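Worksheet: the structure to be examined is printed underneath.
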Amino acid sequence: MTSLCLVRRGGWLAACIMTVVAAAIGCGAGAAPVHNVAGNISIDGKPLNQGALIFTDERGEHHYAAIQGDGAFVMPQIAPGLYQASISVPKIKPRNVSKNADPVRGARPLPVPVPNRYASDDTSDLEFTIDEQTDVLSIKLTK
């Protein structure tokens, strides 16, 4: 009978300890809130029409947003912090596409050219601080 009582007491004690540990850790509640950041990207006033915007956080993790035909993008589920950015534009051979391609028929226009320095966050000089209030970001590149 005494050993049964200790088992019950030990089980209760273990449950209490687990509850205290979970409360101290926060069960993820202390994680930074994430949200979407929308925006547009252009070079010398002309919207980029395709490619990807890449944010690199302070831990070296990459976050990607597709660039739409009008230069719009949405960076999904981004946490507050400091980010270095780079731009990836597809390399398409001009003979396969028309300069004035009709997207309704499935043809894509040529990508707007971007200087090579924007291809790496080490050379792009693009740095952004995102906080809880950052909902819209306008990125203006220059040649």
Side-chain angles (χ1 to χ4, degrees), residues 4-143:
L4 181 58
C5 184
L6 289 176
V7 171
R8 285 187 186 163
R9 207 178 278 168
W12 179 82
L13 182 59
C16 285
I17 290 173
M18 289 174 58
T19 302
V20 170
V21 169
I25 293 173
C27 296
V34 295
H35 65 285
N36 296 344
V37 174
N40 59 53
I41 185 166
S42 63
I43 186 161
D44 293 332
K46 185 176 181 179
L48 293 187
N49 59 357
Q50 54 188 295
L53 173 62
I54 304 147
F55 276 8
T56 305
D57 64 23
E58 294 171 308
R59 294 176 300 184
E61 294 182 16
H62 301 291
H63 308 269
Y64 300 89
I67 300 170
Q68 304 303 312
D70 62 354
F73 66 86
V74 175
M75 185 65 68
Q77 300 298 298
I78 195 90
L82 180 65
Y83 294 90
Q84 303 296 321
S86 60
I87 313 297
S88 175
V89 177
K91 306 290 185 220
I92 298 177
K93 296 178 182 170
R95 62 182 168 83
N96 294 337
V97 293
S98 166
K99 185 174 184 177
N100 298 316
D102 182 5
V104 174
R105 294 192 327 239
R108 296 183 69 168
L110 288 172
V112 174
V114 175
N116 288 336
R117 72 176 180 270
Y118 292 115
S120 169
D121 56 5
D122 292 330
T123 58
S124 72
D125 291 329
L126 297 174
E127 183 175 277
F128 302 99
T129 299
I130 305 295
D131 60 26
E132 291 86 3
Q133 284 76 41
T134 307
D135 291 331
V136 178
L137 192 60
S138 181
I139 301 173
K140 297 178 181 180
L141 308 177
T142 58
K143 289 184 183 175

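Count residues from 1 along the sequence. All values derive from a computational prediction rather than experimental measurement.
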Residue list, side chain to side chain contact (heavy atoms under 4.5 Å, CB included) with Ala66, at least two apart or on another chain: Gln68
Residue pair Ser124 / Ala85: nearest heavy atoms and the distance that separates them: OG-O, 2.5 Å
Contact summary for Ser120 and Ser86, nearest pair of heavy atoms: C-CB, 3.7 Å
Sequence neighbours excluded, every pair satisfying salt bridge (Lys or Arg N to Asp or Glu O under 4.0 Å) that has a member inside residues 116-132: none
Heavy-atom side-chain contact between Ile67 and Gln50 under 4.5 Å: no
Non-neighbouring partners of Tyr118 that pass ring pair (Phe, Tyr, Trp, His ring centres under 6.0 Å), sequence neighbours left out: none
Heavy-atom check, side chain of Leu141 versus side chain of Leu126, under 4.5 Å: yes
Over all atoms of both residues, closest heavy-atom pair of Pro76 and Val74: CD-O, 3.1 Å
Over 12 non-hydrogen atoms of neighbours within 6.0 angstrom of CG in Asn116: no
Those residues that, when tested against Lys140, pass side chain to side chain contact (heavy atoms under 4.5 Å, CB included) (two or more places apart): Ser42, Ser138
Under the ring pair (Phe, Tyr, Trp, His ring centres under 6.0 Å) test, residues paired with Phe128 that sit two or more places apart: Phe55
Counterpart residues, side-chain hydrogen bond (donor to acceptor under 3.5 Å, both in side chains), relative to Asn36 (two or more places apart): Gln77
Min side-chain heavy-atom separation Ile54-Ser88 under 4.5 Å: yes
Where at least one partner belongs to residues 52-68, residue pairs that pass salt bridge (Lys or Arg N to Asp or Glu O under 4.0 Å), sequence neighbours excluded: Asp57-Arg59, Arg59-Glu61
Any residue meeting side chain to side chain contact (heavy atoms under 4.5 Å, CB included) with Val112, in chain and number order, not counting sequence neighbours: Ile43, Lys46, Leu48, Asn49
Non-hydrogen atoms of Pro33 and Pro80 that approach each other most closely: O-CD, 3.0 Å
By side-chain hydrogen bond (donor to acceptor under 3.5 Å, both in side chains) - contacts of His35 (at least two apart): none
Side chain proximity check, Tyr83 to Met75, heavy atoms < 4.5 angstrom: no
Spacing of Asn40 atom CG and Leu53 atom CG [to the nearest 0.5 Å]: 11.0 Å
